[in-house]
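Report on the following structure.
Keep in mind the model is a prediction, meaning the values are calculated, not measured. Lettering follows sequence order; numbering is per chain, from 1.
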2 protein chains.
Amino acid sequence: MAVTLRDVAQRAGVSIKTVSNVVHKRQYVKDSTRDIVQAAIDELGYRPNLSARSLRSGRSGVIGLALPEVRLPYFAELADSVITEAKQRGHTVLIEQTGAEPAAERELLRSPRLQLTDGLIFSPLALSQSDVGLLEVDYPLVTLGERIFDGPCDHVVMDNVAAARAATEHLLEAGCRRIAVIGAHEGEDQGSAALRLRGHQEALDAAGMPRDDRLVGYVGLWHRQDGADAMRRLLASGVEVDGVFGMNDTLALGALRALQDAGLAVPEGVKVIGFDDLEETRYTSPTLSSVDPGRMEIARTAVRVLVERIEERLAGETPAPRRQYTTSYRVVPRESTAG
Amino acid sequence: MAVTLRDVAQRAGVSIKTVSNVVHKRQYVKDSTRDIVQAAIDELGYRPNLSARSLRSGRSGVIGLALPEVRLPYFAELADSVITEAKQRGHTVLIEQTGAEPAAERELLRSPRLQLTDGLIFSPLALSQSDVGLLEVDYPLVTLGERIFDGPCDHVVMDNVAAARAATEHLLEAGCRRIAVIGAHEGEDQGSAALRLRGHQEALDAAGMPRDDRLVGYVGLWHRQDGADAMRRLLASGVEVDGVFGMNDTLALGALRALQDAGLAVPEGVKVIGFDDLEETRYTSPTLSSVDPGRMEIARTAVRVLVERIEERLAGETPAPRRQYTTSYRVVPRESTAG
DNA sequence: TTGAAAGCGCTAACAG
DNA sequence: CTGTTAGCGCTTTCAA
């Protein structure tokens, strides 16, 4: 079966401690000994048993990433960034999908499935302030997004209000006066949808433009289909529209499709901006203006903070106070808001 | 620190074996005992240490999934399917990205990073027949795709030649006579690109159409940009085109964009079909015809076969012979090949 | 610079 | 039905 430290030690004629020292590239091993041991390792094809190492040392080198669904482009790109960053730091990533279901999100945090993970990066969609107690867990946890403001854990967040405000300001500068916003959630007041809606309204207010409820497109999820459906309903209602802010790119692309189906030219008749700066926005027709939420920075920060917590914990230090990290965003103008 | 079986046993006044029996929902536990133990588990918030369980039992409940990059939509959707299917069977998924680099793919198979994984689903891009020896590993391994025909492991594959042939036949039936194919790899003869090119050519041959090298678009990768660039080169060369087969949807969407930039109407002037049936093909403008490669079936089969191998191995059975599984495909006509 | 030995938390064989 | 106990492979004092 598997080759163990003991096998290598026997082959090399040394103790397992010495082999362990070689494996971990520790000093205090005579060069000649190291060579002999290394040769034995290579011959036998020794690979450390990570379960045993993890049991003994208390760390597995695996971090968990919980998100709604990886097939949604934003989360696919986020997962990519997290995996890449984690690899840099010698960690692998285990992915848990919550399907954006509140029950699944709540269960996840207590799930034994995470037990061989050193810590968790969690992008909740459905949790709200009332679930804040659930975030009191006995392992390192970093949350992403803005659902939970005052959780007991570190938190990486983008300024959704300001970013959304910038998106709508961009449409205003492009001359739009009847701006629809697609992606609102009925009755929500602290999720991404609520914050982006607020930013949108702040931009309108600052420009002295009236808020018009008929220009708010409510949706269930933030998929393409939802964007298309909401846009169709808006158009069918007969309300006049010359600009659309999609709360994410997939919504905006769905809306774009609905506009084109209705014979409206983008950007000539209606201008459209999305949010997330997905790769595909560079290849649609027209290319889609968007807000870059600083995905790489979010991933990098989350992984860094999590790894710091893991190490702090392992060292038995008293935990530093929880922090909130705010990343930066920027508007990326493309064809859909040109001219 | 963490609550162990021993703690629970002490609290409940039973032995750890009994607690273990309760945790594993085994029979032969008196109801009254079970209740007491369960109460202790809940009170103490016991969660099994999976590292220890894994060390002892030889299985971690984690399967590895190695792919080029999750941010590529096809792989994002594949990962989603694999994760969903694995969850059904009580496994979690650890993702490794190879970045489509040969060296990374080769290293991965020997990497200790996979050591706490029960088995691996591997979607290689750069390995070739000469690397077949690398696939001789001492853990359960299932490969996806068609790079390696005669590997020593189970293999889930779609019939690329037939599927590509069907795509080009679809264009021929729609009346195309000058069909470009985008995505060929220079000098390759056994990867997806080569197989899909072959299928394309078979369709031309069967229809008695000439092969025209000027209609073959060579690319480096299969990203949108590559599709757009290849299409632009083709158009710039002055060759006549009335149909385009993109070897995957992102290539096709890049090409679509290039066609539209050149003022060509799709589908009126040029018809376009892709491959992968990504969700976004339903929302582009025009919607993109594609070939559904049976992603769910691929994922489901791969996970099932892998889990079977893991169990076979755990039971100490002599391994059944390696098998190849071929999944089904179908052409999905949409607006880009209509009329 | 190297060796001996304890034990991380759990499973399962064996005993009662 | 329930308890006892021997390791799984590794890390890590503590000695030598």
Side-chain angles (χ1 to χ4, degrees), chain A residues 1-38 40-41 44-61 112 114-118 138-139 313-316, chain B residues 1-38 40-41 44-61 112 114-118 138-139 313-316:
Chain A
M1 269 292 292
V3 179
T4 74
L5 271 189
R6 176 176 260 101
D7 298 327
V8 177
Q10 201 155 30
R11 171 66 151 262
V14 299
S15 80
I16 64 175
K17 176 66 206 298
T18 302
V19 180
S20 174
N21 282 341
V22 173
V23 170
H24 288 280
K25 304 193 199 312
R26 276 196 255 274
Q27 41 190 342
Y28 303 132
V29 180
K30 225 190 317 183
D31 280 353
S32 57
T33 312
R34 184 195 313 283
D35 292 345
I36 293 170
V37 172
Q38 189 58 54
I41 289 175
L44 269 41
Y46 168 76
R47 286 154 70 216
N49 179 319
L50 297 192
S51 295
R53 181 180 286 176
S54 163
L55 171 61
R56 183 61 236 226
S57 69
R59 73 199 296 287
S60 62
L114 288 170
Q115 276 293 89
L116 43 70
T117 257
D118 292 335
D138 61 356
Y139 51 84
R313 185 180 139 100
L314 208 66
Chain B
M1 269 291 293
V3 180
T4 74
L5 272 189
R6 177 176 260 101
D7 298 328
V8 177
Q10 202 153 29
R11 171 64 153 263
V14 298
S15 79
I16 65 173
K17 176 65 205 299
T18 301
V19 180
S20 174
N21 282 341
V22 172
V23 169
H24 289 279
K25 303 194 197 312
R26 275 196 256 275
Q27 40 190 344
Y28 304 135
V29 181
K30 222 191 317 182
D31 280 354
S32 58
T33 313
R34 184 193 313 282
D35 292 345
I36 293 170
V37 171
Q38 189 58 53
I41 288 175
L44 268 41
Y46 168 75
R47 284 154 71 216
N49 180 320
L50 296 193
S51 295
R53 182 180 286 177
S54 162
L55 171 59
R56 183 61 237 228
S57 67
R59 73 198 298 286
S60 62
L114 288 170
Q115 276 293 90
L116 43 69
T117 257
D118 291 336
D138 61 357
Y139 51 83
R313 187 178 137 100
L314 209 66

Margin query: Using side-chain heavy atoms (C-beta onward) and a distance below 4.5 Å, is B/Tyr139 in contact with B/Thr117?
Written below: no
Check: Does B/Thr4 reach the side chain of B/Asn49, with side-chain heavy atoms less than 4.5 Å apart?
Finding: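 Side-chain contact under 4.5 Å: no.
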Next item on the list: May I ask you to say what A/Thr33 touches in the nucleic acid, namely base, sugar-phosphate or nothing, with a heavy-atom cut-off under 4.0 Å?
Entry: sugar-phosphate
Notebook entry, point to check: Of the candidate nucleotides D/dC10, D/dT2, C/dG3, which contains the atom at the shortest distance from the side chain of A/Thr18?
Noted result: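 Per side-chain heavy atoms of A/Thr18, the pick is C/dG3.
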Notebook entry, point to check: When you measure from the side chain of B/Ser15, which nucleotide among D/dT2, C/dA5, C/dC10 comes out closest?
Noted result: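 Of the candidates, D/dT2 comes closest.
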Can you check the [X] [atom1] to [N] [atom2] distance for me, whole Å?
X: B/Leu314; N: C/dT11; atom1: CG; atom2: P; answer: 13 Å
X: A/Arg6; N: D/dT11; atom1: CZ; atom2: C1'; answer: 13 Å
X: A/Arg59; N: D/dC10; atom1: CZ; atom2: C1'; answer: 15 Å
X: A/Leu50; N: C/dG9; atom1: CG; atom2: P; answer: 19 Å
X: A/Lys17; N: C/dT2; atom1: NZ; atom2: P; answer: 10 Å
X: B/Ile16; N: D/dA6; atom1: CD1; atom2: C1'; answer: 11 Å
X: B/Gln10; N: D/dG3; atom1: CD; atom2: C1'; answer: 15 Å
X: B/Asn21; N: C/dA13; atom1: CG; atom2: C1'; answer: 13 Å

Item checked: 5' precedence on DNA chain D between B/Val14 and B/Leu55 (nearest-nucleotide basis) -> B/Val14
Next item on the list: Hey, which sits more toward the 5' end of DNA chain D by its nearest nucleotide, A/Arg56 or B/Ser57?
Entry: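 Nearest-nucleotide comparison on DNA chain D picks B/Ser57.
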Check: When you measure from the side chain of A/Ser60 to the backbone N and O of A/Ser54, does any donor-acceptor pair fall under 3.5 Å?
Finding: no
Margin query: Using only atom types and a distance under 3.5 Å, with no angle test, would you say the side chain of B/Gln115 pairs donor to acceptor with the backbone of A/Pro48?
Written below: yes
Margin query: Can you say whether a donor on the side chain of B/Arg53 sits under 3.5 Å from an acceptor on the base of C/dG9, or the other way round?
Written below: no
Notebook entry, point to check: Under the side-chain contact (heavy atoms from CB on, under 4.5 Å) criterion, do B/Asp138 and A/Arg47 qualify, and how do the steps go?
Noted result: CA-CA 11 Å; B/Asp138 61 357; A/Arg47 286 154 70 216; 3.6 Å; yes
